[in-house]
Amino acid sequence: MGPQQRRLAWHQFVQHATCMLPLLLSSPLVHAQPGGTPVEIAAGRQRAAVCFACHNANGISQMPGTPNLAGQDLGYLENALRDYRGGQDRKNPVMNAMAQPLSDQDITDIASYFSSLPRSGDGRPR
């Protein structure tokens with residue numbers, strides 16, 4: 001590849017990168033929501049005490065079929081708890097019963113607590 005071809009390839013790369021930049025910056029992965037305020041995290045630890053029987057205080061479950069919650073995205077956890085509370089979109093008798101009495105603030109606090117925890121040893125939630 002000669003110098004002129006390299007310049008053309010570079011120019012095309014810059015054009016494509018410039019077009020892709022707005023898409024990348026609007027990605028939810030780039031704008032992941034932080035784990036909540038210290039007050040929400042502390043309140044969430046207290047409110048989540050009943051969750052520890054299955055999900056453990058560290059958010060890493062030892063029970064087969066029970067997901068790890070440590071390090072999960074705050075918005076994902078909030079939506080999941082709201083869906084369990086509603087009982088229409090997520091149907092699980094145990095989780096529906098656990099989430100039913102939660103207030104919106106309880107959901108924010110619990111989600112803040114679990115999202116603030118370090119993920120499992122391999123760096124990914126299970």
Side-chain angles (χ1 to χ4, degrees):
M1 180 183 284
Q4 188 172 3
Q5 289 174 320
R6 274 186 245 150
R7 278 193 296 275
L8 179 59
W10 176 252
H11 179 70
Q12 288 174 336
F13 169 77
V14 169
Q15 279 182 320
H16 290 288
T18 303
C19 291
M20 294 299 294
L21 188 60
L23 292 173
L24 291 172
L25 291 177
S26 66
S27 167
L29 296 176
V30 174
H31 298 287
Q33 208 168 2
T37 68
V39 171
E40 290 169 336
I41 293 168
R45 179 172 172 76
Q46 288 182 336
R47 189 63 175 97
V50 297
C51 307
F52 299 164
C54 297
H55 297 284
N56 288 325
N58 66 0
I60 307 295
S61 174
Q62 299 301 311
M63 297 175 62
T66 302
N68 291 344
L69 302 180
Q72 289 281 8
D73 180 70
L74 175 63
Y76 170 80
L77 291 173
E78 288 176 323
N79 288 335
L81 284 170
R82 284 190 189 99
D83 288 347
Y84 282 123
R85 181 178 65 184
Q88 298 301 311
D89 296 324
R90 289 186 183 237
K91 296 180 190 281
N92 176 295
V94 173
M95 284 303 301
N96 293 137
M98 297 299 285
Q100 214 293 313
L102 297 176
S103 70
D104 287 341
Q105 188 62 54
D106 290 336
I107 287 174
T108 297
D109 294 344
I110 291 168
S112 294
Y113 170 67
F114 281 115
S115 71
S116 74
L117 298 174
R119 293 177 180 228
S120 62
D122 61 8
R124 295 175 294 160
R126 289 189 231 164

Item to check | Sidechain-backbone polar pair: Asp109 side chain, Ala43 backbone, donor-acceptor under 3.5 Å | outcome: no
Next on the checklist: Is there a side-chain contact between Phe52 and Arg45 in this structure, where contact means two heavy atoms from C-beta onward sitting under 4.5 Å apart?
Outcome noted: yes
Next on the checklist: For Asp104, give me all partners under side-chain contact (heavy atoms from CB on, under 4.5 Å), at least two apart in sequence or on another chain.
Outcome noted: Arg82, Arg85
Checklist outcome for this item: For Gln100, the side chain to side chain donor-acceptor pair (under 3.5 Å) test, sequence neighbours excluded, returns none
Checklist outcome for this item: One should read off an interatomic distance between Gln72 CD and Leu77 CG, to the nearest 0.5 angstrom, of 5.5 Å
Checklist entry - Counting distance only, does the side-chain N/O of Asn92 pair as donor-acceptor with the main-chain N or O of Met95 below 3.5 Å? => result yes
Checklist entry - Hey, does the side chain of Ser61 reach the backbone of Cys54 with a donor-acceptor pair shorter than 3.5 angstrom? => result yes
Checklist entry - If you link I, L, V, M, F, W and Y whenever their side-chain heavy atoms are under 4.5 Å apart, who else ends up in the same group as Met98? => result Val50, Val94
Next on the checklist: Given 3.5 Å as the limit, does a donor-acceptor pair link the side chain of Tyr113 with the main chain of Ala57, or not?
Outcome noted: yes
Item to check | Results of side-chain contact (heavy atoms from CB on, under 4.5 Å) for Ala97 - residues two or more places apart only | outcome: none
Item to check | Which residues share a side-chain contact (heavy atoms from CB on, under 4.5 Å) with Gln46, sequence neighbours left out | outcome: none
Item to check | salt bridge (charged side-chain N to carboxylate O under 4.0 Å, His left out) against Arg47, all qualifying residues, sequence neighbours excluded | outcome: Asp106
Checklist entry - Does the Asn58 side chain pair with the main chain of Ile60, one donor and one acceptor, at a distance under 3.5 Å? => result yes
Checklist entry - Side chain of Arg90, backbone of Asp83: donor and acceptor closer than 3.5 Å? => result no
